[in-house]
Amino acid sequence: MDAPSIRKKLTRWYENAQRDLPWRRTREPYPIWISEIMLQQTRVGAVIPYYQRFLARFPDPAALAKAHEDDVLALWSGLGYYSRARNLQKAAKQIVDAGEFPATHEGILELAGVGSYTAAAIASISFGLPHAVVDGNVRRVFARLTNNANVDTQALADKLLDRRDPARWNQAVMELGALVCVPKSPLCGECPLANHCMARAEGTQGEVPGKKIKPQTELRERTLFVIRRSGKILLVPSNKVKGFWDLPERLPGARLGEVLGTFTHTITHRRYTFTVRRATGKAPKGSRWFEEHKLGDIPCGTTAKKALRISSDSPNGAAADAS
DNA sequence: TACTCGTGGCA
DNA sequence: TTGCCAAGAGT
C-alpha cells in the first residue's frame, strides 16, 4: 500500500471537492463539538438548520450549561437520539467546571456522549492532534481499499493518517465516503483512489463491505388521542423519552370520538401504525394543556406532530374543534 | 457482545 | 411502499 501517494491524491481531491458546511468555517472546539454530536448517525442536510439554531441560542458552553433542559430538548426536537442532547448539557457542565474546553484527546473523551470517533474528530480538527477517526465512511472506504470487510480499520486509519494535517486527512476520508465511495453504486469513475482500490480491481466494490444483519421489523398498532379544549391540546409526559410530551395513548373512562386518520412511524426495528382519534374525557394525572402554536417551544416528539398535522388536515379536525 | 436509541431522504 | 442507512455512544 502506497501511503504517501494515497495521502497526496486524496488530499488534493478534498481540497477541490469538499462542501461548504457551516462547521468548516471554524476550528473552535465548542462549535466543532456541537456539530460532531449532531452528525452522529444523522445526515448533513438534517443537521444544518439545527446546528445554526443551536449555536445562535447557546453560543458557548456556559450558555448551554445554565439552560433549562427543556429548552435544550425543544431545540433538539425532531433530530432524534435525544440522549445526545442530555449528554451535551451534562458535558457543557463538565467544561464549565473545568474552566475550559479539554485540549487533549484523553480529556475530550471524558465528556459525556463523546466516544472514540467524536474524541478523535475534535482532537484533530480543533487541536491538530494526530488521532485518526473511524466512522461508517472510514470503515467502508478502507474495506473497499483493501477488499476486506474484516480489515482492522483503526490500525489502517492510524497507519494512513497524515500527521502533517490530521484535520484535513480525517475529513477527506469521510468526505470521500460521503460523496464518492457511497454504500450503493460507488462512483469509482470519480474516485481519486481508484487505482489503489483492491475492491475495484476485483470488481467487488458493490459487495464490500457486506450489509449488516438486522432484526426483523415488528409491526405494531397504537392509538393517539386528540383532546382539545378552548383551543388547547392535552399532552402527557412521554413514557419513552424523558422530558418529552406526547399525545395520550390511554384514557380511563374517556369517550372515544371519530378516527381522524392514520400514519406509520418506524423506530429502530419496530414499525408502528398509529391511529389518530378524537376523544373527550378528563385530563389524566400529570397531563397538561398546551397551546398548539407553542409546541415548538417544548420537547415534543415527531409522532405527536405528525398526528396533529393529520388532525388539522382532517375536514373534521381542528376546524370542528373551534366551534 | 448485542441491543437500543429517532428521523428523514432516497431508490 | 418498504428497506436501507447516515460524521456513534451507552449499557
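Reminder, nothing fancy here: chain letters follow the sequence lines and each chain counts from 1.
Nucleotides C:dA7 and B:dA11 have their P atoms positioned 15 Å apart, rounded to a whole Å. Taking the P atoms as reference points, B:dG6 lies 24 Å from C:dT1, given to the whole Å. With both ends at atom P, the span from B:dG9 to C:dA9 equals 24 Å, rounded to whole Å. Nucleotides B:dC3 and C:dC4, compared at atom P, are 16 Å apart to the nearest Å.
Counting only residues at least two apart or on different chains, the ring pair (Phe, Tyr, Trp, His ring centres under 6.0 Å) pairs with a member in residues 270-302 of chain A are A:Trp245-A:Phe290, A:Phe263-A:Phe274, A:Tyr272-A:Phe274. Under the ring pair (Phe, Tyr, Trp, His ring centres under 6.0 Å) criterion, no residue pair touches residues 168-227 of chain A, with sequence neighbours excluded.
Rounded to whole angstrom, the span from the CG atom of A:Leu179 across to the C1' atom of C:dA7 amounts to 12 Å. Nucleotide B:dC5 holds its C1' atom 12 Å from the NE2 atom of A:His269, rounded to whole Å. When rounded to the nearest whole Å, the span between CZ of A:Arg139 and C1' of C:dA9 equals 12 Å.
Under the 3.5 Å distance criterion, with hydrogens and angles disregarded, no donor-acceptor pair is assigned to the side chains of A:Gln40 and A:Tyr117. In this structure, a donor-acceptor pair under 3.5 Å is absent between the side chains of A:Arg144 and A:Thr204. Side-chain contact of A:Asn87 with A:Arg84: a donor-acceptor pair under 3.5 Å is absent, judged by distance alone. A:Thr223 and A:Glu249 share no donor-acceptor pair across their side chains, judged by distance under 3.5 Å alone.
Within residues 100-135 of chain A, no residue has any heavy atom closer than 4.0 Å to DNA chain B. The stretch residues 157-174 of chain A touches DNA chain C through A:Met174, each having a heavy atom under 4.0 angstrom from the strand. Residues of residues 16-40 of chain A having a heavy atom closer than 4.0 Å to DNA chain B: none are found. DNA chain C is contacted by A:Lys214 of residues 203-217 of chain A, taking any non-hydrogen atom closer than 4.0 Å.
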Which side-chain N or O atoms in residues 174-193 of chain A pair as donor and acceptor under 3.5 Å with protein atoms at least two apart or in another chain?
from     : atom 1 : to      : atom 2 : distance (Å)
A:Glu175 : OE1    : A:Arg19 : NH2    : 3.0
A:Glu175 : OE1    : A:Arg24 : NH2    : 3.1
A:Glu175 : OE2    : A:Arg19 : N      : 3.1
A:Glu175 : OE2    : A:Arg19 : NE     : 2.9

Just distance, no hydrogens or angles: give the donor-acceptor pairs under 3.5 Å from side chains in residues 92-112 of chain A, sequence neighbours left out.
from     : atom 1 : to       : atom 2 : distance (Å)
A:Gln94  : OE1    : A:Ala112 : N      : 2.9
A:Gln94  : NE2    : A:Glu110 : O      : 3.1
A:Thr104 : OG1    : A:Gly107 : N      : 3.0

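In the hydrophobic clustering of this structure, A:Val208 does not group with A:Leu156; members are Ile, Leu, Val, Met, Phe, Trp, Tyr whose side-chain heavy atoms approach within less than 4.5 Å, directly or through other members. Two different hydrophobic clusters hold A:Leu235 and A:Ile227 under the rule that ILVMFWY side chains link at heavy-atom gaps under 4.5 Å.
For the side chain to side chain contact (heavy atoms under 4.5 Å, CB included) test with A:Asn170, the passing option among A:Asp162, A:Leu161, A:Ile125 is A:Leu161; the others fail. Of the residues A:Ile310, A:Leu260, A:Thr262, A:Leu224, the one that meets the side chain to side chain contact (heavy atoms under 4.5 Å, CB included) test with A:Thr275 is A:Thr262.
In this structure, A:Val47 reaches neither bases nor backbone, as no heavy-atom distance under 4.0 Å exists between it and the strands shown.
A:Asp71 meets the salt bridge (charged side-chain N to carboxylate O under 4.0 Å, His left out) test with A:Arg57; sequence neighbours excluded. Applying the side-chain contact (heavy atoms from CB on, under 4.5 Å) criterion to A:Ala155, with sequence neighbours excluded, gives A:Asp152. Not a single ring-ring contact (aromatic ring centres under 6.0 Å, His included) links A:His265 to another residue, sequence neighbours left out.
Cation-pi check for A:Arg53 over A:Tyr50 is met; the charged atom lies under 6.0 angstrom from the ring centroid and within 45 degrees of its normal.
Between C:dA6 and A:Arg140, a contact under 4.0 Å exists linking OP1 or OP2 to a side-chain N or O. Contact annotation: A:Arg270 reaches the phosphate of B:dC5 (side-chain N/O to OP1 or OP2, under 4.0 Å). For the OP1/OP2 pair of C:dG3 and a distance below 4.0 Å, the side-chain nitrogens and oxygens of A:Arg271 include at least one atom meeting the criterion.
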Nucleotide N/O to protein N/O under 3.5 Å, stretch nucleotides 7-11 of chain B:
from  : atom 1 : to       : atom 2 : distance (Å)
B:dT7 : OP1    : A:Tyr82  : OH     : 3.0
B:dT7 : OP1    : A:Thr302 : N      : 3.2
B:dT7 : OP1    : A:Thr302 : OG1    : 2.8
B:dT7 : OP2    : A:His265 : NE2    : 2.7
B:dT7 : O5'    : A:Thr302 : OG1    : 3.3
B:dT7 : O3'    : A:Gly78  : O      : 3.4
B:dG8 : N2     : A:Arg43  : NE     : 3.2

